[in-house]
Amino acid sequence: MLVDKLYALSLSHKRLTVDELSEISRDVYTSCYNVQAFVFHTCNRVEVYLYDADAGLAEHIKRSYGPYVEKVAEFRGVEAARHLFRVAAGLESMLIGETDVLGQLEEAYESQVRRGNLRGLLKTVVERAVATGKRVRTETGISRGPRGLGSLSIVYLNRRLPLREISVCVIGAGAVGRGVVKELIDAGVRRVAVVNRTVEKAADLGVEVRPLTSENVEWCLREFDVVYTAVSSFEPVVAYVPPGSRVRLVVDLGVPRNTALDLPVEVVTLDHLRELAEEFNRQRAEEVSKAEKIVEEEVARLEEVLRKKWVELEMSTLLKKWFAAAEEEGERAGGG
């Protein structure tokens, strides 16, 4: 079976803390650079998916998990596909049914297709995972309530501070950051601003936007009560807090962690949200069974989808060869 060639390595929030996942994400990413693979790392997981890879490559990538290699979960064939589909459906998330993971999956898919790392049947597997995640959100109520970890952090924040009386700056306008901004506005936060690498990308949010520079990070810390970080970066975005800063709380949703250790201000990470996530997970138990049924239906169809795609790819290769041969023959005939 074609699906039997799929292989996955995974470390998640179930076995490691956010800080530990941040520690290993760089090495795993570097090991997969210029390799045909799908790398998916969020604040809750560091995963790699391979298709028809030799044992040496798989072992090399596995070793990049460093001191946590013994905690790596390995999946093969149908089990690897099932795991990815469950991740896309939000069934493996700290907050079950969260939508952030689906947006992050789509972003990772698009960027790795552009780089050329993701192609062939592995590309098809990821496409089917995204489609499964969307179907689950459409056909079940698994995402009712807080829709992501950003939403959950706002619930947490609301229990700590009066939202209508505070100002919040969000650093990062990717899938997670944009969602946080919209929900902060809806929650009636007094002032919301954004700092992002590309100002144009956040222009439609309807708030003040500044480019991501060290000066503007300082501006966030000095001028706002709460600062959110949601940036994909291997280096801390908030490395220090200037004396006299207004900031009272930093909420770090970064991938990997965006804040340096031992800052002189309280830093909230996803580890602080576990108990709150469990509160909402208990409310979603009935929808989980519906989502799991959809995942199993899509996993059962995957082999058929892969076979059709394999035929398309083979025919495309043959057609290219035929056209090349015909062209060459035409050039010979013309030259004679």
Side-chain angles (χ1 to χ4, degrees), residues 6-13 16 18 21-22 24-51 53 57-58 61 64-65 72-73 75 80-95 97-137 143 147-150 172-180 196-198 201 229-234 253-258 270 295 298 302:
L6 186 63
Y7 174 67
L9 295 164
S10 172
L11 265 180
S12 74
H13 64 95
L16 297 182
V18 170
L21 288 169
S22 293
I24 64 170
S25 57
R26 179 201 294 268
D27 290 338
V28 173
Y29 183 85
T30 302
S31 294
C32 296
Y33 192 73
N34 285 335
V35 169
Q36 188 177 354
F38 179 63
V39 183
F40 188 44
H41 66 86
T42 71
C43 45
N44 269 340
R45 61 188 49 79
V46 180
E47 299 186 336
V48 181
Y49 295 84
L50 303 169
Y51 189 82
L57 173 60
I61 293 173
S64 67
Y65 282 86
V72 173
F75 303 96
R82 178 176 287 111
H83 177 74
L84 180 56
F85 285 21
R86 286 180 61 85
V87 167
L91 292 169
E92 296 296 324
S93 296
M94 183 191 299
L95 175 65
E98 53 124 340
T99 55
D100 290 341
V101 70
L102 188 56
Q104 291 166 328
L105 190 66
E106 289 186 280
E107 283 186 346
Y109 166 84
E110 290 166 4
S111 66
Q112 291 175 57
V113 167
R114 284 196 301 269
R115 276 204 314 270
N117 294 53
L118 183 56
R119 54 189 185 274
L121 295 185
L122 182 57
K123 178 172 175 281
T124 301
V125 172
V126 180
E127 288 170 347
R128 294 312 307 163
V130 171
T132 299
K134 290 181 177 178
R135 185 184 165 197
V136 165
R137 298 328 188 285
S143 300
R147 296 173 59 84
L149 295 173
V176 175
R178 290 179 66 84
V180 167
N196 193 52
R197 290 191 181 103
T198 308
K201 185 178 179 182
T229 63
V231 178
S232 181
S233 172
F234 288 116
L253 303 178
V255 184
R257 179 176 172 141
N258 289 163
L270 296 183
V295 166
E298 294 293 341
L302 182 59

- Set of residues satisfying side-chain hydrogen bond (donor to acceptor under 3.5 Å, both in side chains) with respect to Gln36, sequence neighbours excluded: none

- Task: Give, for atom OG1 of Thr124 and atom CZ of Arg119, the distance between the pair rounded to the nearest 0.5 Å.
- Result: 13.0 Å

- Note on the structure: Residue set satisfying side-chain hydrogen bond (donor to acceptor under 3.5 Å, both in side chains) with Glu98, at least two apart, ordered chain then number -> Ser93

- Message: What I want to check is whether the side chains of Glu47 and His83 have a donor and an acceptor closer together than 3.5 Å.
- Response: yes

- List in chain and number order the residues that pass side chain to side chain contact (heavy atoms under 4.5 Å, CB included) with Thr99, two or more places apart in sequence or in another chain; answer none if no residue qualifies. Arg137, Ser143, Arg147

- Query: Measuring from Arg82:CZ to Thr132:OG1, what's the distance to the nearest 0.5 Å?
  - Reply: 12.0 Å

- Item | Donor-acceptor under 3.5 Å (Asn196 side chain, Ala173 main chain) | yes

- Query: Is there a side-chain contact between Tyr65 and Val48, using heavy atoms and a 4.5 Å cut-off?
  - Reply: yes

- Contacts of Gln112 that satisfy side-chain hydrogen bond (donor to acceptor under 3.5 Å, both in side chains) - sequence neighbours left out: none

- Message: Is the ring pair Phe38/Tyr49 parallel, tilted or perpendicular, if the boundaries are 30 and 60 degrees?
- Response: tilted

- Message: I'd like to know whether Ser233 forms a side chain to side chain contact (heavy atoms under 4.5 Å, CB included) with Arg197, so could you lay out the CA-CA distance, the side-chain angles of the two residues, the decisive distance to 0.1 Å, and finally the verdict.
- Response: CA-CA 11 Å; Ser233 172; Arg197 290 191 181 103; 3.9 Å; yes

- Query: Do Ile24 and Leu11 have side-chain heavy atoms sitting under 4.5 Å apart?
  - Reply: yes

- Message: According to salt bridge (charged side-chain N to carboxylate O under 4.0 Å, His left out), who are the partners of Glu127, at least two apart in sequence or on a separate chain?
- Response: Lys123

- Approximate separation, where rounding is to 0.5 Å, of Glu92 CD and Arg86 CZ: 4.5 Å

- Message: So, using salt bridge (charged side-chain N to carboxylate O under 4.0 Å, His left out) as the criterion, who are the partners of Arg128 when residues are at least two apart?
- Response: Glu298

- Message: Test of understanding: with side-chain hydrogen bond (donor to acceptor under 3.5 Å, both in side chains), list the residues that count as partners of Tyr51, not counting sequence neighbours.
- Response: none

- Note on the structure: Closest non-hydrogen contact found for Cys43 with Leu270 is SG-CD1, 2.8 Å

- Note on the structure: Sequence neighbours excluded, the answer for salt bridge (charged side-chain N to carboxylate O under 4.0 Å, His left out) partners of Arg178 is Asp204

- Item | Ala89 to Val136 - nearest heavy-atom pair and separation | CB-CG2, 3.8 Å

- Message: Test of understanding: with ring-ring contact (aromatic ring centres under 6.0 Å, His included), list the residues that count as partners of Tyr109, not counting sequence neighbours.
- Response: none

- Message: With rounding to the nearest 0.5 angstrom, report the CG to CD1 distance, Leu50 to Ile61.
- Response: 4.5 Å

- Message: Going by the rule side chain to side chain contact (heavy atoms under 4.5 Å, CB included), which residues pair with Ala129 if we only count those two or more places apart in sequence or in a different chain?
- Response: Leu84, Phe85, Ala88, Leu105

- Kindly determine whether Asn44 and Leu149 satisfy side chain to side chain contact (heavy atoms under 4.5 Å, CB included), including the steps that lead there. CA-CA 10 Å; Asn44 269 340; Leu149 295 173; 3.3 Å; yes

- Hey, are the side chains of Leu6 and Leu122 touching, using non-hydrogen atoms and a 4.5 Å cut-off? yes

- Going by the salt bridge (Lys or Arg N to Asp or Glu O under 4.0 Å) test, which pairs reach into residues 99-112, not counting sequence neighbours? Glu106-Lys134

- Item | Closest non-hydrogen atom pair between Gly133 and Leu102, with its separation | C-CD2, 3.8 Å

- Query: Can you name the nearest heavy-atom pair linking Gly172 to Val231, along with the distance?
  - Reply: CA-CG2, 3.8 Å

- Out of curiosity, Leu21 CG to His41 NE2, how far, rounded to the nearest 0.5 Å? 11.0 Å

- Task: Please report the shortest heavy-atom distance between Leu302 and Ala81, naming the atom on each side.
- Result: CD2-CB, 3.5 Å

